[in-house]
**Student:** 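One structure follows; several queries about it will come next.
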Amino acid sequence: MELSKNFIPGAVETKWYQHWIDQGYFHSVPNDKPAYTVVIPPPNVTGVLHMGHCLNNTIQDILVRRARMQGMNPCWVPGTDHASIATEAKVVAMLRERGIAKSSLSREEFLSYAWEWKEKYGGIILQQLRKMGCSLDWERTSFTMDPDYYETVIKVFIDLYKKGKIYRGKRMINWDVKAKTALSDEEVIHKEVNGKMYHIKYKLDLPGDEYITIATVRPETIFGDTAICVHPKDPRYTHLVGKHAFVPMINRRIPIIADDYIEIEFGTGALKVTPAHDINDFQLGQKHGLEVIDTMNDDGTMNDAAPMYLGKDRIEVRKIIAADLEAAGNLVKIEDYVNQVGFSERTDAIVEPRLSLQWWVDMKQLAAPALEKVMSDEIHFHPAKFKNVYRHWMENIKDWCISRQLWWGHRIPAWYDKEGNVYVEASLEKVYTTYPETVGKELYQDADCLDTWFSSWLWPIEVFKGMSNPNNAEINYYYPTSTLVTAPEIIFFWVARMIMAGEEYMGKIPFKDVYFTGIVRDKQGRKMSKSLGNSPDLLGLIDQYGADAVRFGIMIASPAGNDLLFDESTLEQGRNFNSKLWNATKLLKMWEPRQSKEGVVPEDAAFAMDWFQAKLSATQLEVDEMLKTFRLSEALKTIYGLIWDDYCSWYLEWIKPGFEQPIHATVFEKSIEFYDALLQLLHPFMPFITEEIHHTLKTQTEDLCVKELAPISKVDESVLHAGVLLKNVISTLRDARNKNQIKPKDTIELHIQSDNNTAYQRIQNILAKQINAKSIAFTNTAIGSSIVVALEKDKFYLVADQAIDTASLKENLLKDLAHQKGFLESVEKKLANEKFVQNAKPEVIAIEQKKKADALARIQTIEESLAQL
RNA sequence: GGGAGCAUAGCUCAGUUGGUUCAGAGCAUCUCGUUUACACCGAGAGGGUCCGCGGUUCGAGCCCGUGUGCUCCCA
């Protein structure tokens with residue numbers, strides 16, 4: 001069979017993915033084997049695959065595929081999140097394009113558009129995961145708004161309400177004026193913004209023309225001012241406390257109060273207090289019993305508290321108010337000022353603090369066990385540094401605002417009567433049953449939805465129907481899940497809350513290990529984002545390089561828990577690795593028809609096979625350990641080196657038969673076997689090409705995808721060491737050839753002077769081949785007119801046809817000699833140090849003594865070589 | 001303002017409880033080379049005051065203190 005010149009990924013990938021699906025390899029049912037369960041962090045239902053997903057899902061696939069090959073029963077559950085605010089925003093935008101305003105639709109009409117949208121775009125991201133080769137159990141695809149899931153979310157709300165852990169309260173919340181909804185603290189992104197500090201003077205309610213000057217970055221909020229506050233010990237203002245001032249432009253009279261919350265040094269030392277629009281002002285207002293005047297509508301425009309700006313956006317007002325204040329004679333000055341401003345994660349609108357009646361979860365009790373499980377390492381965080389971050393948050397946890405003023409999501413199961421009484425139940429019928437006093441009353445349901453995370457925190461439970469069908473066989477088998485792979489940015493949003501839900505509703509942790517991936521950044525270290533346009537098109541990259549190369553590229557640059565700087569050159573490296581694998585296959589296939597069964601295996605090939613077996617086993621052990629400790633990037637690097645350097649560059653060259661010579665059948669078989677073992681080791685990282693080559697090498701009885709790893713054979717340390725020596729000799733002699741400008745085609749004669757000839761006898765054919773020597777001889781004496789190379793205690797004489805550059809040879813030897821002598825000196829100094837000899841461990845001293853002996857021997861060798869020149 | 005983390009070769013990172021020939025890898029760089037697997041390649045080489053300063057120790061990239069620079073989270 002003639003193999004194509006290069007490996008072409010496209011068709012191969014489609015073929016094998018379909019085959020794996022047809023064979024049902026990714027579908028799991030409970031059985032006798034140990035379960036290895038992973039639930040996907042559900043991407044937004046309308047999302048498209050980006051680099052973050054690529055990294056995250058590649059890692060999960062590696063873990064799952066590895067588990068499959070280790071004979072476990074892996075189950076990787078796919079699914080999507082309804083992502084209430086993001087999806088609703090998209091639907092609203094889509095409707096706007098069609099000329100439909102959300103406000104013109106009923107809730108039911110809007111939701112039918114939303115479902116239509118979900119059906120149309122909802123599957124895209126899951127299709128894209130198939131392209132990447134993800135071995136997900138598609139029969140288990142879940143959605144956070146599936147009927148059972150929906151009911152479970154409602155059930156949890158009611159349960160927590162009845163336990164007194166959910167309450168309704170008027171609090172300062174973060175208001176997204178674009179989406180017209182409350183946001184949790186975690187959904188607000190703080191950014192530094194260049195703004196202005198306005199100094200504004202308020203006329204005092206005193207005889208004469210006296211003023212007090214305040215400083216603010218938000219002059220448009222003055223209409224909500226209900227006090228001015230100063231520090232009680234500020235000598236500038238003590239005489240004014242208890243007096244009153246007038247808000248500019250509207251001339252509303254407000255008191256001047258004192259509180260040590262004020263920083264004397266900041267601004268003018270006098271603070272305008274606006275309880276409706278600032279969290280700190282709100283607290284101050286509560287303490288001093290101040291009035292709360294809301295000056296804004298829910299879309300961020302000014303209301304009738306600011307009659308002259310009615311209907312204008314607050315940001316717009318900030319720009320024009322300075323001129324009006326100036327005209328009114330109240331503006332003192334404007335300074336440049338940098339401050340932190342909160343933006344909505346979803347809509348990028350500037351978040352407004354706003355007083356509002358919302359639903360809250362009391363977090364204190366839920367947090368305690370969840371903190372303990374992580375601190376005690378019952379749940380392992382990788383890397384462990386995130387334990388600190390987690391602890392800090394959990395110890396300072398605040399109540400969770402769970403209501404969102406949206407329609408797309410799980411509608412809050414609360415009904416109100418005209419008097420404002422609240423009845424929480426799953427349906428109106430149930431309300432009438434549970435609360436007989438409501439019978440005959442007209443009730444209306446809360447219009448709001450629950451925060452998306454209020455459904456996702458049940459994900460590892462409800463994908464197995466652990467709550468809608470408690471104690472079923474699946475939840476008992478698959479839960480707790482094994483490993484969660486996610487981004488550190490959602491450690492509080494999601495990870496912490498899943499642990500709480502697990503403890504509360506299953507009485508068990510939801511997962512044993514959490515692997516935090518880094519954030520994918522561009523070459524310059526910037527976070528990838530749509531607005532920067534630095535997020536590459538993943539499917540385009542897969543088309544260009546192949547899925548295996550993309551997986552390779554993203555994993556090789558991805559240290560655990562550190563951000564990864566994405567650079568397309570690693571994808572090239574991945575594609576080159578594909579080529580290397582393919583070319584090695586071509587070489588093996590070339591030898592296939594030229595096998596000979598005659599005679600015994602040549603001694604050098606026997607050595608090569610022994611060596612590679614030892615190297616393979618040793619590396620398999622290393623990789624095993626690395627994967628156990630989630631050092632995936634290192635494992636991939638190790639496998640890459642084993643294949644490229646040890647197998648291709650060394651082993652295949654060592655066993656390579658001469659020009660048009662046959663290869664011994666035993667050697668050929670063994671080489672195929674080795675290669676297959678390498679493919680198996682690599683398979684979790686690069687599933688497509690490894691499966692393809694596995695079947696190209698020979699007729700296989702099973703697919704690599706489900707082939708169980710064989711036990712690792714014992715490592716023969718001595719042959720491993722012999723291999724190191726051989727590689728060392730080859731490199732050193734090649735270097736000597738290079739330095740003496742011996743052309744690659746020119747042969748040399750090699751004479752070896754050693755105490756241990758037998759060590760070289762077994763490998764001399766390999767050595768001859770690798771350094772292009774026409775003969776190898778052993779000698780007890782120096783060989784004249786040769787290039788002398790010293791390695792450890794042995795000497796090598798290279799006899800070439802061309803003239804030898806004795807001067808440079810001598811120079812090199814002298815350099816080496818000086819180096820060795822310096823080294824010897826430092827070792828001797830150490831050994832002469834009494835304190836060292838007294839304190840150091842015996843094995844450390846033994847090592848130093850060996851160093852000394854070796855250095856002495858080496859100096860002798862070099863001196864002898866010099867004498868011969 | 002509070003908290004967490006990072007600083008090792010041009011770049012991205014390893015470096016296990018302080019102790020092997022005097023700090024490793026991949027990529028990049030340089031030199032040589034198209035001999036039938038592979039130029040998406042082969043052979044070889046160069047490159048580091050382990051951020052500064054101080055301390056503990058016989059011995060520090062690793063431990064302690066301190067300074068500087070950067071990143072992230074929270075207010």
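So you know, we letter chains A, B, ... as the sequences are listed, proteins then strands, and number each from 1.
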**Student:** Have a look at Arg734(A) and say if it touches a base, only the backbone sugar-phosphate, or nothing, with a 4.0 Å heavy-atom cut-off.
**Tutor:**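 The answer is sugar-phosphate, as Arg734(A) gets under 4.0 Å only of primed atoms, P, OP1 or OP2.
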**Student:** In the structure shown, which nucleotide is the Watson-Crick or G-U wobble counterpart of rC62(B), with both distances under 3.5 Å?
**Tutor:**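 In the structure as shown, rC62(B) has no Watson-Crick or wobble partner.
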**Student:** State the pairing partner of rA14(B); accept Watson-Crick or G-U wobble contacts with both distances under 3.5 Å, and report none otherwise.
**Tutor:**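 Base-paired to nothing in any strand shown.
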**Student:** Using a 3.5 Å distance criterion without hydrogens, assess whether the side chain of Asp676(A) forms a donor-acceptor pair with backbone atoms of Ile672(A).
**Tutor:**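 No, the answer is negative, given that no donor and acceptor are paired below the 3.5 Å cut-off.
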**Student:** So which one's nearest nucleotide on RNA chain B is more toward 5', Ala853(A) or Glu572(A)?
**Tutor:**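 Residue closer to the 5' terminus by nearest nucleotide: Ala853(A).
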**Student:** Taking the minimum atom-to-atom distance to the side chain of Asn6(A), which one of rC38(B), rA45(B), rC40(B) wins?
**Tutor:**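 The closest nucleotide is rC40(B).
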**Student:** With respect to the side chain of Lys398(A), which nucleotide from rG26(B), rC40(B), rA75(B) is positioned closest?
**Tutor:**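 My answer, after comparing the listed nucleotides, is rA75(B).
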**Student:** Counting any heavy atom closer than 4.0 Å, what does Trp591(A) reach on the DNA or RNA strands: base, sugar-phosphate only, or nothing?
**Tutor:**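 Trp591(A): no heavy atom of the nucleic acid under 4.0 Å.
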**Student:** Take atom CE of Met626(A) and atom P of rA14(B), then tell me their distance rounded to the nearest Å.
**Tutor:**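 Whole-Å distance recorded here is 12 Å.
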**Student:** Report which part of the nucleic acid Lys656(A) touches: base, sugar-phosphate, or nothing (heavy-atom distance under 4.0 Å, all strands).
**Tutor:**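 Counting heavy atoms under 4.0 Å across all strands, the contact made by Lys656(A) includes a base.
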**Student:** Applying a 4.0 Å non-hydrogen cut-off, can you work out what Thr570(A) is touching in the nucleic acid: base, sugar-phosphate, or nothing?
**Tutor:**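 Counting heavy atoms under 4.0 Å across all strands, no contact is made by Thr570(A).
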**Student:** In Å, rounded to the nearest 0.5 Å, how long is the span from OG1 of Thr619(A) to CG of Leu642(A)?
**Tutor:**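 One gets 4.5 Å once the value is rounded to the nearest 0.5 Å.
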**Student:** Where the side chain of Phe492(A) is concerned, which of rG44(B), rA37(B), rC73(B) is the nearest nucleotide?
**Tutor:**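 Of all the options, the side chain of Phe492(A) is nearest to rC73(B).
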**Student:** Taking atom C1' in both rA37(B) and rA28(B), compute the distance separating them and give it to the nearest angstrom.
**Tutor:**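 After rounding to an integer number of Å, I get 26 Å for this pair.
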**Student:** Indicate whether the side chain of Trp650(A) and that of Gln770(A) have a donor and an acceptor atom separated by less than 3.5 Å.
**Tutor:**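 Result is no, nothing qualifies.
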**Student:** Please report the C-alpha distance between Tyr647(A) and Phe674(A) in whole Å, then the side-chain angles of each, then the deciding distance to 0.1 Å, and finally whether the ring-ring contact (aromatic ring centres under 6.0 Å, His included) criterion is met.
**Tutor:** CA-CA 9 Å; Tyr647(A) 187 75; Phe674(A) 284 150; 7.0 Å; no
**Student:** Under 4.0 Å between a side-chain N or O of Lys580(A) and OP1 or OP2 of rG42(B)?
**Tutor:**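 Yes.
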**Student:** Send over the distance from Arg575(A) CZ to rC41(B) C1', rounded to a whole Å.
**Tutor:**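 So the two atoms are 13 Å apart, to the nearest Å.
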**Student:** Which nucleotide in the set rA14(B), rC13(B), rC41(B) lies at the smallest distance from any side-chain heavy atom of Glu634(A)?
**Tutor:**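 Nearest to the side-chain atoms of Glu634(A), counting from C-beta on, is rA14(B).
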**Student:** Partner of rU57(B) by Watson-Crick or G-U wobble geometry, both contacts under 3.5 Å, or none?
**Tutor:**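 Here rU57(B) is not engaged in any pair, so there is no nucleotide opposite it.
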**Student:** Give Gln849(A) one of three labels, base, sugar-phosphate or nothing, depending on what nucleic acid heavy atoms sit under 4.0 Å from its own.
**Tutor:**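 Answer is nothing: Gln849(A) stays at 4.0 Å or more from every strand.
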**Student:** For nucleotides rG52(B) and rA7(B), find the distance between their P atoms and express it as a whole number of Å.
**Tutor:**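 Result for the P pair: 13 Å, nearest Å.
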**Student:** If you draw a 6.0 Å radius around NZ in Lys774(A), do more than 12 non-hydrogen atoms from other residues or ligands fall strictly inside?
**Tutor:**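 Above 12, so yes.
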**Student:** Once you round it to whole Å, what is the distance between P of rU36(B) and CE of Met590(A)?
**Tutor:**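 That distance rounds to 10 Å.
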**Student:** Could you state the atom-to-atom distance from CD of Glu489(A) to C1' of rC73(B) in whole Å?
**Tutor:**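 For the pair Glu489(A) CD and rC73(B) C1', the rounded distance is 11 Å.
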**Student:** For the side chain of Tyr640(A), starting at C-beta, report the closest nucleotide among rA37(B), rG3(B), rG26(B).
**Tutor:**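 Closest nucleotide among those given: rG26(B).
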**Student:** Round to a whole Å and report the spacing from CD1 of Ile845(A) to P of rU20(B).
**Tutor:**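 Distance check: Ile845(A) CD1 to rU20(B) P gives 14 Å.
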**Student:** Can you confirm whether more than 12 heavy atoms, excluding those of Lys727(A), are under 6.0 Å from its NZ atom?
**Tutor:**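 Yes, because the 6.0 Å sphere around NZ of Lys727(A) holds more than 12 heavy atoms from other groups.
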**Student:** Mind checking if Phe577(A) touches a base, just sugar-phosphate, or nothing, with heavy atoms under 4.0 Å?
**Tutor:**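 If one applies the 4.0 Å heavy-atom cut-off, Phe577(A) turns out to touch nothing in the nucleic acid.
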**Student:** Would you mind telling me which of rC40(B), rA37(B), rA4(B) lies closest to the side-chain atoms of Ser579(A)?
**Tutor:**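 Of all the options, the side chain of Ser579(A) is nearest to rC40(B).
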**Student:** Between rG59(B) and rU20(B), how far is it from one P atom to the other, in whole Å?
**Tutor:**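 These two P atoms come out 15 Å apart once rounded.
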**Student:** Hey, mind stepping through Phe685(A) and Phe552(A) against ring-ring contact (aromatic ring centres under 6.0 Å, His included) and telling me if it holds?
**Tutor:** CA-CA 7 Å; Phe685(A) 296 88; Phe552(A) 176 95; 9.0 Å; no
**Student:** Please confirm whether the shortest side-chain N or O distance from Trp644(A) to OP1 or OP2 of rC40(B) is below 4.0 Å.
**Tutor:**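 No, Trp644(A) has no side-chain N/O under 4.0 Å of OP1/OP2 on rC40(B).
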**Student:** Indicate, yes or no, whether a donor-acceptor pair under 3.5 Å links the base of rA37(B) to the side chain of Glu653(A).
**Tutor:**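 Present.
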**Student:** May I have the distance from Ile491(A) (atom CD1) to rC74(B) (atom C1'), rounded to whole angstrom?
**Tutor:**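 In whole Å, rC74(B) C1' and Ile491(A) CD1 are 13 Å from each other.
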**Student:** For atom C1', what is the distance between rC30(B) and rA9(B), given to the nearest Å?
**Tutor:**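 It comes out at 15 Å once rounded to the nearest Å.
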**Student:** Distance check, C1' atoms only: rA60(B) and rG65(B), in whole angstrom units.
**Tutor:**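 Approximately 15 Å lies between the C1' atom of rA60(B) and that of rG65(B).
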**Student:** Measuring from the side chain of Ala584(A) (C-beta onward, heavy atoms only), which nucleotide among rG26(B), rA37(B), rA39(B) has the closest atom?
**Tutor:**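 Selected nucleotide: rA37(B).
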**Student:** Given the side-chain rings of Phe493(A) and Trp453(A), with only the six-membered ring counted for Trp, is the space between their centroids under 6.0 Å?
**Tutor:**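 They qualify: ring centres under 6.0 Å apart.
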**Student:** Take the protein atom CZ of Arg737(A) and the nucleotide atom P of rC32(B), then report the distance between them rounded to whole Å.
**Tutor:**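 Rounded to the whole Å, the gap is 17 Å.
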**Student:** Of the nucleotides rC38(B), rA4(B), rC58(B), which one has an atom closest to the side chain of Phe836(A)?
**Tutor:**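 Nearest listed nucleotide: rC58(B).
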**Student:** Output the single nucleotide from rC58(B), rA43(B), rG5(B) whose closest atom is nearest the side chain of Asn738(A).
**Tutor:**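 Shortest atom-to-atom distance from the side chain points to rA43(B).
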**Student:** When you compare rG61(B) with rA45(B), how far apart are their C1' atoms, in angstrom units rounded to a whole number?
**Tutor:**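 Their C1' atoms lie roughly 26 Å apart.
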**Student:** Considering Watson-Crick and G-U wobble pairs with both distances under 3.5 Å, what does rC50(B) pair with?
**Tutor:**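 Answer to the pairing question: none, since rC50(B) forms no Watson-Crick or G-U pair.
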**Student:** Provide, to the nearest angstrom, the distance between the NE2 atom belonging to His392(A) and the C1' atom belonging to rG3(B).
**Tutor:**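 Taking NE2 of His392(A) and C1' of rG3(B), I get 4 Å after rounding.
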**Student:** With nearest nucleotides of RNA chain B determined for Lys637(A) and Ile730(A) from heavy-atom distances, which residue corresponds to the more 5′ nucleotide?
**Tutor:**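 By nearest-heavy-atom nucleotide position, the 5'-most residue is Lys637(A).
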**Student:** Using atom C1' of each nucleotide, how far apart are rA43(B) and rG48(B) to the nearest Å?
**Tutor:**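 Straight-line distance between the two C1' atoms is 25 Å.
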**Student:** Which whole number of Å gives the distance between the P atom of rG24(B) and that of rG69(B)?
**Tutor:**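 33 Å, rounded to whole Å.
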**Student:** Tell me whether the side-chain N/O atoms of Asn576(A) come closer than 4.0 Å to OP1 or OP2 in rC38(B).
**Tutor:**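 No, outside the criterion.
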**Student:** In the structure shown, which nucleotide is the Watson-Crick or G-U wobble counterpart of rA45(B), with both distances under 3.5 Å?
**Tutor:**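 Pair assignment: rA45(B) / rU29(B).
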**Student:** Pick base, sugar-phosphate or nothing for Thr585(A), based on heavy-atom distances below 4.0 Å to the nucleic acid.
**Tutor:**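 Answer is nothing: Thr585(A) stays at 4.0 Å or more from every strand.
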**Student:** Does any nucleotide pair with rA7(B) by Watson-Crick or G-U wobble geometry, both distances under 3.5 Å, and what is it?
**Tutor:**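 By the stated definition (distances under 3.5 Å), rU68(B) pairs with rA7(B).
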**Student:** Under a 3.5 Å limit for both distances, which nucleotide forms a Watson-Crick or G-U wobble pair with rU20(B), could you say?
**Tutor:**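 For rU20(B), the partner nucleotide comes out as none, under the 3.5 Å rule.
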**Student:** Do we see a donor-acceptor contact under 3.5 Å between the side chains of Asn583(A) and Lys586(A)?
**Tutor:**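 The criterion, which ignores hydrogens and geometry beyond distance, is satisfied for Lys586(A) and Asn583(A).
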